Amino acid sequence: MAANNRTNKLAFLSMPAPASYVAGLGRGASGFTTRSDIGPAREGPSEETIAEARAKRGEEDVDPEQFQDPDNEYGLFAGMTYEQDDEEADKIYEKVDQAMDSRRKQRREAREQEELAKHRAERPKIQQQFADLKRGLAAVSDVEWENIPEVGNLTRKKRRKEERSFAVPDSVIVGDRSKGEFENALDPRQQEIGGFVTPGESGTLTNFVELGQARDKILSLKLDQISGTASTSGISTSVDPKGYLTSLDSVVIKSDAEIGDIKRARMLFDSLVKSNPKHAPGWIAAACLEEHAGRMVAARKIIRAGCENCPKSEDVWLEAARLHVGSFFLKLEQRAIQLTPDLFQNNNDAKIILANAVQHVGQSVKIWMAAADLEGDQKSKKRVLRKALEHIPNSVRLWKETVNLEESAADARVLLARAVEVIPMSVELWLALARLETPDRAKAVINRARKAVPTSHEIWIAAGRLLEQEAVSPESSAAKTEEQKNKELDMVDSTIKLGVRELRKHQVLLTRDQWLKEAEKCESQGSPRTCEAIVKATVAMEVEEEDRLDTWVSDAESAESRGMVGTARAILAYALKVYPDRRNLWRRAAELEKAHGTRESLDALLNQAVKHCPQAEVLWLMAAKEKWIAGDVPAAREVLERAFNVNPESEEIWLAAVKLESENGNMDVARQLLQRARDVADTDRIWMKSAVFERQLGQFEDALKTLKTALNKFPKFAKLYMVQGQIHHRLKNIPAARASYAAGLKACPKNVTLWILASRLEEADGKSIKSRALLEKARLVNPANDELWAEAVGVEERSGGAVQAKAMLARGLQECPTSGLLWSLTIWAEPRPVRKTRSVDALKKSADNPLIICTVARLFWAERKIEKARDWFTRAIATAPDLGDTWGWWLKFERMHGTEEHREEVRTKCVAAEPHHSPVWQSIAKDDSNRGKSVKEILELVADALQ
């Protein structure tokens, strides 16, 4: 019932439309209708009808003015009256616009023209690009037009072939139809005589053996003919294998693509030289193309035409000479011809070409030089070069080549004298003449050169070198006193100084870098005093006063890195004159002398250093050490005594004196010195060294007494607790040692070494649990310390817990991700196939860590990559030369895979570096049984101990 009472929503579709209904009219839609749709013409609904329909639907009338744009004045005032004053206002505005436009019109048009011209210049039309060529077509004759090559397919695209079809004849169709048919009937003749049978008695039996032999013989004859060894005609046609292979080597096999490229390039070059015959590079390129294609005759023909069209181009003539000589020498290289004297006459063609070239380009130095090179003997070369000098007397190159051909120094001197008269501005010729003269005449030549070329710094430097050579020459120095020699050497300084001043007057301003390069050049040529003079005169140029010291030190270091020790020494000597009280500068100079100088020069420098810087302890120690190394112990004592007088409370000097006496076996003197040092200097390090000295002598009771007194004075010095604990441990007094370490940890909780020693004491006592606890507590006090993590890993490994050790190592790497020590342990903890990958990860985390680099070197060592391992060991030493264990690994490696020279090199470098750190090195170097051993001996012990 409810369903029946429900209204039908689609009932309106069956209702008739209202009389005034227009579809879509309410929403503004419009359409079209045809006559067949609406029937006879009728009038549409009126405005009243439409308004009534909208009112029934509840739509409001839209005011057309409500959407009017207030800024649109035409729309706003469209309904207003256009009066006379409005017209006058519009005319006034138009005149103003016209006046403004006329003011800018010229500039606007000029700018537009300029932009248009610029655009046309950057992107010309194709018609403009070929305008000159199109105009040139008017002069093309009929013959030239016929010789223009056809344009090939340069697009490299395959064109579709035009397929042509033909009608198949009937005979082909009939023959193809009967191809598959079968005969199903016998021939009548066969039926009459009972078949066709060949009678056996009418012929002979077939001999298949003879057929096979004949076939083999024919095949062998064909093979002989192909190989060229057939002798049936009585003429031998055999080929020499060597000559045949040589001729094959000379054959250039080109692919189809290359041949096509050569053909296209030949067409392009042909068009180029025809369109612009005066373009020399086009002729050269065309000839080179033919040469590359192996057509030497065509190449010579083209270059000959080039010489005719471009007679003023020296490059074309030189290329022509090369093509006439190059093929000859090419054959000589390939050994395709035999060497006979007649073949050298082939150069005549090239000589003729260059002779013609001289007629057209007589001022070309290159052509004359090429002509001289073609001559086989020296006499002919001299003749050509002298002829060239008649045409080009101002060519320095020709003069130099002519002088070089002279075997007599007197003839060369005459030529150079004439050359400097013709070319007085050539510095090279003046210097060459001065080198050939005697010292007295050389001075006169240098003076003349200086007057002729007052702007040349080379002449002033040559003058300084000449004075130095005269002062230090063996002939003249034998008859001179030391004072005269020094006076002459001082003349070098004054000459260079005067030269710099004169060059400034003539506005020749060389930079200090250029002067330093000249100084290095003088040093490399064997004139150290001239080098020093240049440095003295110019090193202070262009440098601010506050930047002098840093600049000079960097200059000295860069010169030393380039191997110019004399220049570096001169720079530091000048810097020391300006800053005589800088101890770091004296130390840098002493290191330079130690590395590159003699022992006497180093002693002299250190004596000067301690005079100017008497408070510098390091300089006194260096002076005493050099005397000691030289074996002069009394002189070393004297130096230290002078140092005591100046620095009575210096800890380093006292300890150096103690070491000197103890190393030389004077124990009583060393003990007395330590007593005096404790009274005078009274430092914690002196007390510690006193205890260590007594321990080395085996006086443990005296050492413990000294330590007890020292701990009362310096309770915060951790090394005192370490020495005390080690002595108790050595005496097997474990509780006392434990008490010493406990007191040290309480006083110095941040000292990592104390924690490690305490842990090792407990481990040695068999208490690994307590050792782990100590290290755990140490890591809490000193977080992110890789040494503590490494020690914990070692404890686990020594106790047999490999899994725990690996877990501890992983925890350590999380806390110290860039630790080289932990990464090294990680690499060795992995299986062998994984170690290389781990090493790559370690290098990514910390590429410059010397422990990782040493580990990588050991990996290469394990893989038998000897040279790579040696390179990585060198890199590790360069990164950190103070690590003794790296030196030990390198020596161990060289013992197995190197020569005695390699091993001696490692020992020498280690002695020069004097390493002090690394665990194994320190344990061996500080062992009482190794007291007094040299660095080389300790290195051998470390190499033996490493595993």
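The structure displayed is predicted, hence computed values, not measured ones.
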* Check the angle between the aromatic planes of Phe644 and Trp654 and answer parallel, tilted or perpendicular using the 30° and 60° thresholds. => tilted
Does this structure show an ion pair linking [X] with [Y], if we count only N-O contacts that are shorter than 4.0 Å?
X      : Y      : result
Glu905 : Lys909 : yes
Arg907 : Glu900 : yes
Lys689 : Asp684 : no
Arg895 : Asp944 : yes
Lys705 : Glu694 : no
Glu593 : Arg569 : yes
Asp668 : Arg671 : yes
Glu651 : Arg685 : yes
Arg588 : Glu560 : yes
Glu502 : Lys505 : yes
Glu815 : Arg779 : no
Lys594 : Glu591 : no

Is it true that, when you exclude [X] itself, more than 12 heavy atoms of the residues, nucleotides or ligands shown sit nearer than 6.0 Å to its [atom1]?
X      : atom1 : answer
Arg903 : CZ    : yes
Glu901 : CD    : no
Lys719 : NZ    : no
Lys536 : NZ    : yes

Checking the side chain of [X] only, and the main-chain atoms of [Y] only, is there a donor and an acceptor separated by less than 3.5 Å?
X      : Y      : answer
Glu894 : Leu891 : no
Lys750 : Val781 : yes
Ser819 : Leu822 : yes
Trp921 : Pro915 : yes
Lys892 : Ala943 : yes
Ser558 : Asp555 : yes
Ser662 : Lys659 : yes
Glu468 : Thr530 : yes

Less than 4.5 Å apart, side chain to side chain, heavy atoms only: is that true for [X] and [Y]?
X      : Y      : answer
Asn751 : Met722 : yes
Arg858 : Phe873 : yes
Lys497 : Ser494 : no
Thr874 : Trp890 : yes
Phe714 : Met688 : no
Asp682 : Lys713 : yes
Leu851 : Trp823 : no

Where [X] and [Y] come nearest, the two heavy atoms and their spacing:
X      : Y      : value
Pro749 : Lys746 : CD-O, 4.0 Å
Leu754 : Ala718 : CD1-CB, 3.9 Å
Ala590 : Leu602 : O-CD1, 3.4 Å
Trp460 : Ile496 : O-CD1, 3.8 Å
Ala710 : Trp687 : CB-CB, 3.7 Å
Thr818 : Asn849 : O-ND2, 4.4 Å

With distance as the sole criterion, is a donor-acceptor pair present between the side chains of [X] and [Y] under 3.5 Å?
X      : Y      : value
Thr538 : Arg512 : no
Ser601 : Thr598 : yes
Thr567 : Glu520 : no
Arg695 : Gln726 : yes
Asp927 : Ser929 : yes

* **is_close_aromatic(Tyr574, Trp552), centroid dist under 6.0 Å** => yes
Indicate every side-chain donor-acceptor pair of residues 629-642 with a distance under 3.5 Å to a residue at least two apart or in another chain.
{"unit_1": "Asp632", "atom_1": "OD1", "unit_2": "Ala635", "atom_2": "N", "d": "3.3"}
{"unit_1": "Arg637", "atom_1": "NE", "unit_2": "Glu661", "atom_2": "OE2", "d": "2.7"}
{"unit_1": "Arg637", "atom_1": "NH2", "unit_2": "Glu661", "atom_2": "OE1", "d": "3.4"}

* To do: Output, in order, the C-alpha distance, side-chain angles, deciding distance and verdict of side chain to side chain donor-acceptor pair (under 3.5 Å) for Arg583 and Gln615.
  => CA-CA 9 Å; Arg583 61 179 65 185; Gln615 305 298 326; over 6 Å; no
* Cation-pi, Trp872 ring and Arg875 (6.0 angstrom, 45 degrees) -> yes
* Check against salt bridge (charged side-chain N to carboxylate O under 4.0 Å, His left out), Arg465 and Glu518 -> CA-CA 12 Å; Arg465 293 187 61 194; Glu518 292 294 334; over 6 Å; no
